[in-house]
Colleague: 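The structure that follows is given in the form of structure tokens.
Keep in mind it's a predicted model, so treat the numbers as computed, not measured.
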Amino acid sequence: DWDKSSSKKLAQFKKESGEKIYNQAKLEYGQRLKVEIEGLIANGDYEDNDELHKKIIGVDTQVMNEVLDDYGFEYVKEEK
């Protein structure tokens, strides 16, 4: 859930893009992630629930990065 995430990348995206674009990207992310997870489960290419969980986390990160790329967002690490 993007709204509950502590991700600095998402926080920076929200700050730079504004609420409307952020919510649009969040919706796209959710739709794409659903399709990807359904495909993972249907494919059955995993040994157990732990492996499935790891694959879902990987897909989650991949989809988030793809959506942010689609919006032209580039994360810049903050100076300490």
Colleague: Can you name the nearest heavy-atom pair linking Val59 to Leu33, along with the distance?
Modeller: CG1-CD1, 3.9 Å
Colleague: Test of understanding: clusters of I, L, V, M, F, W, Y form through side-chain heavy atoms closer than 4.5 Å, transitively. Do Val35 and Leu68 belong to the same one?
Modeller: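 Not linked; separate clusters.
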Colleague: Going by salt bridge (charged side-chain N to carboxylate O under 4.0 Å, His left out), name the pairs with one or both residues in residues 34-45, residues two or more places apart or in two chains.
Modeller: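 Output for this query lists Lys34-Glu38, Asp45-Lys55.
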Colleague: Quick one: pull up CD1 in Ile56 and CD1 in Ile41 and give me the separation to the nearest 0.5 Å.
Modeller: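 Going from CD1 on Ile56 over to CD1 on Ile41, the span is 5.5 Å.
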Colleague: Considering residues at least two apart in sequence or located in another chain, which fulfil the side chain to side chain contact (heavy atoms under 4.5 Å, CB included) criterion with Ile21?
Modeller: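 Scan of Ile21 (side chain to side chain contact (heavy atoms under 4.5 Å, CB included), adjacent residues dropped) gives Phe13, Ser17, Gln24, Tyr71.
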Colleague: Might you point out which heavy atoms bring Ala25 and Val67 nearest each other, and give the distance in Å?
Modeller: O-CG1, 3.6 Å
Colleague: Which pairs, with at least one residue in residues 62-78 and sequence neighbours excluded, count as a salt bridge (charged side-chain N to carboxylate O under 4.0 Å, His left out)?
Modeller: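 Found Arg32-Asp70.
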Colleague: Suppose we screen for salt bridge (Lys or Arg N to Asp or Glu O under 4.0 Å). Which residues come up paired with Glu19, at least two apart in sequence or across chains?
Modeller: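 With sequence neighbours excluded, Glu19 shows a salt bridge (Lys or Arg N to Asp or Glu O under 4.0 Å) to Lys14, given in chain and number order.
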Colleague: Following the transitive rule for hydrophobic clusters with a side-chain heavy-atom cut-off under 4.5 Å over Ile, Leu, Val, Met, Phe, Trp and Tyr, establish whether Tyr75 and Leu10 coincide in one cluster.
Modeller: yes
Colleague: For residues 4-13, pull every pair meeting salt bridge (charged side-chain N to carboxylate O under 4.0 Å, His left out), keeping only residues two or more places apart or in separate chains.
Modeller: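 Checked against salt bridge (charged side-chain N to carboxylate O under 4.0 Å, His left out) - neighbours excluded - no pair reaches residues 4-13.
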Colleague: With the side chain counted from C-beta on, respond yes when Asp3 and Lys26 share a heavy-atom pair under 4.5 Å apart, and no when they do not.
Modeller: yes
Colleague: Ring pair (Phe, Tyr, Trp, His ring centres under 6.0 Å): which pairs involve residues 26-60, sequence neighbours left out?
Modeller: Trp2-Tyr29
Colleague: For the CG atom of Leu40 and the CD atom of Glu51, what is their distance to the nearest 0.5 Å?
Modeller: 10.0 Å
